[in-house]
Chemist: 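First, the structure itself, so that you have it in front of you.
Fair warning: this is a prediction, and the values are worked out from it, not measured in the lab.
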Amino acid sequence: MDILVYALYIIAFAMFILGLSGLTAPKSAVRGNKIAAAGMAVAFIATLIHIRDTSSWLLIIAALVVGVIVGIPPARKVKMTAVPQLVALFNGVGGGTVALIAWGEFIQSDGFTDLHVDSGPVLPLVIASLFAAVIGSLSFWGSIVAFMKLQQILPGHPLSIGRMQQPLNAILFIGSIVAAVFVGIGSVSTGASPLWFVVILILAGILGVTTVLPIGGADMPVVISLLNALTGLSAAAAGLALNNIAMIVAGMIVGASGTILTNLMAKAMNRSIVSIVAGGFGGGSGGGAGSAATGAGDQVAKSTSAADAAIKLAYANQVIVVPGYGLAVAQAQHAVKDMAKALEARGIEVKYAIHPVAGRMPGHMNVLLAEADVEYDAMKEMDDINGEFSRTDVTIVIGANDVTNPAARNDPNSPIFGMPVLNVAESRSVIVLKRSMSSGFAGIENPLFFGANTTMLFGDAKKSVAQVTEELKAL
């Protein structure tokens, strides 16, 4: 029986890895998801066989049914603008589950004094369980705060207590470690008090809250990725404590991939992960609304109309669309696709420039555009498209504020100086679609809006793009 279980686990792991490799490209992402989901089904069956106690099967299957009933409807009905919130919430559920597993193991083993192991020292398993409890609780509550910020239940700008923020976080972290040490000491003697384990969960949970609250919206994609990595590592630790190979391998895959992605995104922002976690970035309130606004000093943003924008586009040879969170808010991806069709019918080449941290989660813009059946080959990553802007007649920016800000290259005093950005300013003409002159997540002004070759088309992006398309067809 054990041979069959291990064989099924190996098949499941292979499907996890194959599915993950499919997520490296938009064209194969759907297939990769299906393969990974099938692998999880295989791992689930293997776990049932491994347990053997059919009375436990009913509880596990019941939990599975509840999870399906609760999880599928929001996943199917959620708007694309709310996908980051859903990802944060689902990731939090994973971290909370790991913390509950560690708590359950603590109770079942009578304070870790009765761990069921075949051989080897017990202390490493205790440490693994405690690690899972701390990181799982931190990830759960941190993800809940991320969800509330993204859902605008909490303000998206940093919320901190100033200079005392980091000392408070340090005290909470040290406190959770001290409580874990007391539990560990008790596990090798008479058994630790359940109160200490509750203290671990509470302190780690508060740490998750106080860590994410000071982080602004500009850094939220990295935060989601980091919390996902932590959830994976906590799951692997819980698997080690339970001697469950499926949890160990799946957790390590999630932890490793999340860590790599977090590192790549931090580099894309020219920020260290430590500085991101320290928070406080992106606290500006932004500019005011208006159809024609002035910037700092004598700078003036020039307004344009859908008709004038259509004329510029009609005489272009190449057009680049730069999508940002404004595209997601307006649900303008289908309107953009219709505009691209009208341009391509005139023999104009249309490309899409994707910045690694555009939107509110990794790959947000790719998913949005794929939903509108935009060709995968037309979506160009930053390094591949940046050389094209100087040869581009018109670039259309839809809500992508910070990732197009030339101050990142030109102004050493800018908070985002050194951050790799899209070279939109090098285009012959730039049309920026925005509701107002408000700033982006970073809370800083974008000089691009006041450039000599930039015009602003104010209004809802979906309606503005549709109007431009109608004007194109009328030319």
Chemist: Salt-bridged, Lys337 to Asp373, with N to O below 4.0 Å?
Modeler: no
Chemist: Within the distance-only criterion (no hydrogens, no angle test), does the side chain of Asp460 pair as donor or acceptor with the backbone N or O of Arg435 below 3.5 angstrom?
Modeler: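 Not a single qualifying donor-acceptor pair exists.
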Chemist: Just by modelled atom types, is the Gly95 backbone N or O under 3.5 Å from a matching donor or acceptor in the Ser139 side chain?
Modeler: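 It does not hold such a pair.
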Chemist: Could you measure the distance from the CZ atom of Phe13 to the CD1 atom of Ile248? Nearest 0.5 Å is fine.
Modeler: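 If we round to the nearest 0.5 Å, Phe13:CZ and Ile248:CD1 are 8.5 Å apart.
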Chemist: I'd like to know whether CD of Glu375 has more than 12 heavy-atom contacts from other residues, nucleotides or ligands below 6.0 angstrom.
Modeler: no
Chemist: Under the rule for side-chain contact (heavy atoms from CB on, under 4.5 Å), what residues qualify as partners of Ala461, not counting sequence neighbours?
Modeler: Ala330, Ala332, Ile398
Chemist: Taking only distance into account, with no hydrogens and no angle test, what donor-acceptor pairs under 3.5 Å do side-chain atoms of residues 171-186 form with protein atoms, sequence neighbours excluded?
Modeler:
| residue | atom | partner | partner atom | Å |
| --- | --- | --- | --- | --- |
| Ser176 | OG | Leu172 | O | 3.4 |
| Ser176 | OG | Phe173 | O | 2.7 |

Chemist: Check Ile215, Thr262, Asn263 against Val222 for a side-chain contact (heavy atoms from CB on, under 4.5 Å) and give me the one that passes.
Modeler: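 So, applying the side-chain contact (heavy atoms from CB on, under 4.5 Å) to Val222 and each of Ile215, Thr262, Asn263, only Thr262 qualifies.
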Chemist: Does Ser21 use its side chain to pair, donor to acceptor, with the backbone of Leu18 at less than 3.5 Å?
Modeler: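 Here the side-chain-to-backbone pair exists.
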Chemist: Which residues pass the side chain to side chain donor-acceptor pair (under 3.5 Å) test with Asn91, sequence neighbours left out?
Modeler: Ser143, Thr231
Chemist: Roughly how far apart are Trp196 CH2 and Leu130 CG, rounded to 0.5 Å?
Modeler: 13.0 Å
Chemist: Could you work out, with side chain to side chain donor-acceptor pair (under 3.5 Å) as the rule, every residue matching Thr210, not counting sequence neighbours?
Modeler: Asn169
Chemist: Could you measure the distance from the CZ atom of Phe147 to the CG atom of Leu154? Nearest 0.5 Å is fine.
Modeler: 10.0 Å
Chemist: Check for a donor-acceptor pair, side chain of Ser234 on one end and backbone N or O of Ala132 on the other, with a separation under 3.5 Å.
Modeler: no
Chemist: If we ignore hydrogens and angles and just use 3.5 Å, is the side chain of Trp103 paired with the main-chain N or O of Ala133 as donor and acceptor?
Modeler: no
Chemist: Any sub-3.5 Å donor-acceptor pair from Gln166's side-chain atoms to Arg163's backbone N or O?
Modeler: no
Chemist: Under 3.5 Å, side chain of Gln333 to main-chain N/O of Ala372, donor-acceptor pair present?
Modeler: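 Checking the backbone N and O of Ala372 against the side chain of Gln333, no donor-acceptor pair under 3.5 Å is found.
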Chemist: Does Met252 CE have over 12 foreign heavy atoms under 6.0 Å away?
Modeler: no
Chemist: Would Glu388 and Lys380 count as a salt bridge (Lys or Arg N to Asp or Glu O under 4.0 Å) here? Give the steps.
Modeler: CA-CA 10 Å; Glu388 293 284 327; Lys380 307 295 183 180; over 6 Å; no
Chemist: Ignoring hydrogens and angles, write down the donor-acceptor pairs under 3.5 Å from the side chains of residues 32-47, residues two or more places apart or on other chains.
Modeler:
| residue | atom | partner | partner atom | Å |
| --- | --- | --- | --- | --- |
| Thr47 | OG1 | Tyr9 | OH | 3.3 |
| Thr47 | OG1 | Ala43 | O | 2.9 |

Chemist: Drop me the distance from His50's NE2 to Leu48's CG, to the nearest 0.5 angstrom.
Modeler: 11.5 Å
Chemist: Side-chain polar contacts of residues 415-425 - donor-acceptor pairs under 3.5 angstrom, sequence neighbours left out - could you list them?
Modeler:
| residue | atom | partner | partner atom | Å |
| --- | --- | --- | --- | --- |
| Asn423 | OD1 | Arg409 | NE | 2.8 |
| Asn423 | OD1 | Arg409 | NH2 | 2.7 |

